[in-house]
Amino acid sequence: MGQITLTFPDGNRKTFPAGTIPAQVAASISTSLAKKAISAQVNGQHFDLQWPIHEDATIAINTMQDDAAALELIRHDLAHVMARAVQELWPDVKVTIGPVIENGWYYDFDRAEPFTPEDLGQIEAKMKEIINRRDPVTTEIWDRDRAVKYYEANNEPYKVELVGMIPEGQPIRMYWHGHWQDLCRGPHLQHTGQLPADAFKLMKVAGAYWRGDSNRPMLQRIYGVAFRNREALKDYLHFLEEAEKRDHRRLGREMDLFHMQEEAPGQVFWHPNGWRIYTTLQDYMRRRQNANGYVEVNTPQVVDRRLWEASGHWEKYQEHMFIVEVDEEHAREKSVNALKPMNCPCHVQIFNQGLKSYRDLPLRMAEFGSCNRYEPSGALHGIMRVRGFTQDDAHIFCRESQIEEETRRFIAMLSAVYADLGFEKFRVKFSDRPDMRAGSDEVWDKAEAALQSATEAAGYAYELNPGEGAFYGPKLEFVLTDAIGRDWQCGTLQVDFVLPERLEASYIGEDGAKHRPVMLHRAILGSFERFIGILIENFAGKLPFWLAPRQVVVASIVSDADDFVREVVARLVSAGVRAEADIRNEKINYKVREHSLGKVPVILAIGAREVEDRTVTLRRLGEQGTQTVALDAVVAELAAAALPPDLA
RNA sequence: GCCGGUGUAGCACAGCGGUAGUGCAGCGCUCUUGUAAAGCGAAGGUCGGGGGUUCAAGUCCCUCCACCGGCACCA
């Protein structure tokens with residue numbers, strides 16, 4: 001048997017017989033390391049302590065101190081322990097897959113009876129029992145036939161299918177946790193006793209399609225979360241509570257921004273407070289667009305199916321459109337229309353009016369386009385995913401040679417807008433050509449290169465999403481990260497070679513001949529509804545002053561102050577501040593509490609002293625202290641703060 | 001659309017086969033108040049819609065709708 005040389009992280013080298021397993025390497029260092037070891041990094045690969053090493057390599061032994069490895073193993077082993085617990089409790093349940101996900105894992109089961117919340121408690125107890133058994137984890141490599149026969153004999157059809165999916169030449173690895181067995185690529189811990197019995201929790205049961213395919217059976221998925229210790233779990237559960245307090249549906253009610261009701265599922269009833277946010281944001285975007293060379297248009301809501309057939313949407317998205325049929329009772333001829341689900345075909349109609357010259361390009365056509373889509377009922381979510389929404393949409397008609405410059409300008413505008421709205425950082429994703437696509441490779445080459453180089457020129461790194469582009473062209477997607485670390489994909493820029501062709505857009509070039517323009521579809525916010533939801537959650541309702549629907553409440557302390565309160569409100573309103581009076585017969589404590597819960601950024605309290613001195617006592621949301629200031633100074637300061645960032 | 005859960009007063013919730021309850025908000029009265037809930041009083045609900053079982057149904061069954069959590073979808 002040959003020898004191999006292993007290099008340790010400190011640079012030391014040692015020779016071992018070929019086929020040595022990391023467990024033996026750990027034991028050669030110390031018995032305590034052998035006990036504490038959970039896995040190894042071998043040539044950078046996450047390695048099971050039982051996998052043999054056949055050649056020279058770098059090696060590092062992982063213990064629970066190594067965050068990434070520890071969390072990966074804890075979550076992965078718990079997935080197995082949970083599956084085992086379920087099968088111990090209900091032997092007829094069939095197991096499928098159970099991967100590690102962010103903060104935990106899930107495992108999908110096939111069981112006739114639904115799992116109940118009580119079942120989760122029972123499973124959790126059984127898992128703790130299994131952990132306390134300290135069962136050793138062992139592994140073997142089987143050949144395909146043996147694995148298939150084994151699973152057929154054990155009536156585990158999903159596992160049979162999984163074995164069949166493992167590519168030729170890749171090992172089919174079996175793991176044993178005591179007597180329980182699962183197909184798994186590993187690695188795993190040494191024994192179940194290495195798992196923290198008090199740092200995991202089963203969270204919820206949910207349906208999930210086998211292999212993500214809605215034509216295949218619905219399985220039952222159990223989600224769990226796990227961390228290295230009890231404190232980390234507690235922190236995470238606390239984080240969930242905090243996230244719930246930011247929920248835009250809850251804040252929407254508490255701040256009286258909007259509501260939704262049964263008669264109009266997926267559509268928003270904007271209350272005065274919410275609509276102030278909406279119009280403030282829209283006015284801001286309109287100024288930004290004007291400053292960036294866009295022209296604004298507006299197009300019809302109800303459009304005959306012929307246009308959607310021509311654009312290709314009828315064929316693909318008919319099921320998801322609101323159809324409006326007009327019959328002979330009302331009109332001479334029956335017609336079938338759709339509420340517009342998008343604006344682009346209408347924008348091409350405007351482009352097509354009159355002859356366009358190359359001198360007209362690039363033509364940046366913007367619309368706050370009100371769209372309706374019949375989204376599947378299960379997709380609806382507050383104001384984030386709705387059936388009626390308004391996009392900050394625009395289409396840039398340009399020549400291929402202008403794609404790069406237009407992309408660069410767009411990214412500059414988008415980053416300025418995001419910064420103004422409180423998002424300093426965003427990520428860029430680039431999706432290139434899919435297998436099914438329109439247009440020649442030559443054109444795709446040019447479009448992809450233009451998007452990439454414009455992104456790089458703008459100083460942004462991008463993540464590649466291979467093959468995820470639209471069938472009509474490559475795209476960029478812009479992803480915001482919010483205050484508690486969640487990602488939101490908002491902006492997009494898509495190159496489209498197809499729609500101008502289908503809807504016969506053209507311009508006259510310098511050569512006097514007709515040419516096809518390229519269309520860039522682009523949005524920065526995405527939809528106002530969703531973006532306002534994101535703003536609410538990002539700021540936990542405490543919107544920046546300029547966006548706050550109620551900026552100032554002027555509250556009387558004694559009724560003798562009422563006249564001065566009204567005067568202060570009038571001064572603020574005429575200075576452009578959204579101010580209102582609260583002269584109800586209530587204690588100042590009560591008023592402060594109520595307006596603080598309503599997320600009003602500034603409360604001005606006025607009692608006898610303030611009336612006497614023509615001052616106000618100012619209290620800012622989230623602060624304990626107050627300051628008493630002269631009226632003129634406060635009006636000037638608040639008027640300045642109320643200006644949108646592009647006007648300040 | 002699929003799986004599971006939920007739907008009781010404006011809001012948050014209790015009641016789970018025998019004449020609909022609590023807190024807060026709202027309304028009335030008293031209090032003129034100094035920075036996160038003053039006191040008292042009178043009200044307020046065809047218990048999501050429809051159908052069924054029963055002497056009797058928020059309570060049990062069926063069905064539809066909406067919402068919540070996932071999955072699938074997202075031009």
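Every chain is numbered from 1, with letters handed out A, B, ... down the list of sequences.
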Report task. Verify the neighbour count for atom CD of A:Glu315: are there more than 12 heavy atoms of other residues, nucleotides or ligands below 6.0 Å? Result ->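 No.
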Report task. Count the heavy atoms of every other residue, nucleotide or ligand shown that sit under 6.0 Å from CD of A:Glu263, and state whether that count exceeds 12. Result ->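 Yes.
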Taking the six-membered ring for Trp, are [X] and [Y] ring centroids under 6.0 Å apart?
X	Y	value
A:Phe528	A:Phe389	no
A:Trp90	A:Phe115	yes
A:His248	A:Phe539	no
A:His271	A:Phe258	no

Query raised in the report: Taking only side-chain nitrogens and oxygens of A:Arg619, does any of them come within less than 4.0 Å of OP1 or OP2 of B:A36?
Result: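 Yes, because at least one side-chain N or O of A:Arg619 sits under 4.0 Å from OP1 or OP2 of B:A36.
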Sort out the partner of [N] for me: Watson-Crick or G-U wobble, both distances under 3.5 Å, none otherwise.
N	value
B:G69	B:C3
B:U46	none
B:G10	B:C24
B:U53	none
B:A36	none

What integer number of Å spans the [atom1] atoms of [N] and [M]?
N	M	atom1	answer
B:C60	B:C55	C1'	16 Å
B:G44	B:G34	P	35 Å
B:G7	B:C64	C1'	14 Å
B:A12	B:A25	P	15 Å
B:G28	B:C65	P	43 Å

Query raised in the report: Relative to each other, are the rings of A:Phe478 and A:Phe410 parallel, tilted or perpendicular (30° and 60° limits)?
Result: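 The arrangement is perpendicular - the two ring planes meet at more than 60°.
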Query - Residue pairs fulfilling ring pair (Phe, Tyr, Trp, His ring centres under 6.0 Å) with at least one residue in residues 583-628 of chain A, sequence neighbours excluded - result: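 Sorted result for residues 583-628 of chain A: empty, none.
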**Report entry** Test applied, salt bridge (charged side-chain N to carboxylate O under 4.0 Å, His left out); reference residue, A:Glu537; option that passes from A:Arg486, A:Lys245, A:Arg246
**Finding:**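 Single pass found, and it is A:Arg486.
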Report summary line: Protein heavy-atom contacts under 4.0 Å, written 5' to 3' over nucleotides 65-75 of chain B as B (base), S (sugar-phosphate only) or - (none), form the string SSSSBBBBBBB
**Report entry** For atom CG of A:Leu120 and atom C1' of B:G5, their distance in whole Å
**Finding:**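 One finds 12 Å between C1' of B:G5 and CG of A:Leu120, rounded.
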Tell me what [X] touches on the nucleic acid: a base, only sugar-phosphate, or nothing, going by heavy atoms under 4.0 Å.
X	result
A:Arg253	sugar-phosphate
A:Ala608	base
A:Ile603	nothing
A:Gln318	nothing
A:Thr617	base

Query - Minimum-distance nucleotide to A:Val558 side chain [options: B:A38, B:U35, B:U32] - result: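 In terms of side-chain proximity for A:Val558, the closest of B:A38, B:U35, B:U32 is B:U32.
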Report task. Ignoring the backbone of A:Gln624, work out which of B:A38, B:A36, B:C11 is nearest its side chain. Result ->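 My answer, after comparing the listed nucleotides, is B:A36.
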Query raised in the report: What is the minimum heavy-atom distance between A:Gln301 and A:Ser370, and which atoms define it?
Result: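 Result for this residue pair: OE1-O, 3.2 Å.
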Query - Nearest heavy atoms of A:Gly388 and A:Gln267, plus distance in Å - result: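 Shortest heavy-atom separation between A:Gly388 and A:Gln267 comes out as N-CG, 3.9 Å.
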Query raised in the report: How would you list, by chain and number, every residue that makes a salt bridge (Lys or Arg N to Asp or Glu O under 4.0 Å) with A:Asp613, sequence neighbours excluded?
Result: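 For A:Asp613, no residue satisfies salt bridge (Lys or Arg N to Asp or Glu O under 4.0 Å) once neighbours in sequence are set aside.
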Extract from the structure each pairing of a protein N or O with an N or O of nucleotides 61-64 of chain B at less than 3.5 Å, listing the distance.
none

Query raised in the report: Is there a donor N/O on one and an acceptor N/O on the other, under 3.5 Å, for the side chain of A:Ser559 and the base of B:U32?
Result: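 Checked by distance alone, the answer is yes.
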Query raised in the report: Checking A:Lys94 against A:Tyr158: charged group under 6.0 Å from the ring centre and within 45 degrees of the axis?
Result: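 A:Lys94 over A:Tyr158 ring: no.
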Close N or O pairs between protein and nucleotides 13-15 of chain B (under 3.5 Å):
none

What does the list of N/O pairs under 3.5 Å between the protein and nucleotides 39-47 of chain B look like, with a distance for each?
none

Requested in this report: Among A:Arg502, A:Arg437, A:Gln494, A:His521, find the one that has a side chain to side chain donor-acceptor pair (under 3.5 Å) with A:Tyr472.
Outcome: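 The side chain to side chain donor-acceptor pair (under 3.5 Å) with A:Tyr472 is passed solely by A:Gln494 among A:Arg502, A:Arg437, A:Gln494, A:His521.
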Query raised in the report: Between A:Arg620 and A:Glu637, is there a salt bridge with N-O shorter than 4.0 Å?
Result: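 A salt bridge is present here (some side-chain N lies under 4.0 Å from a carboxylate O).
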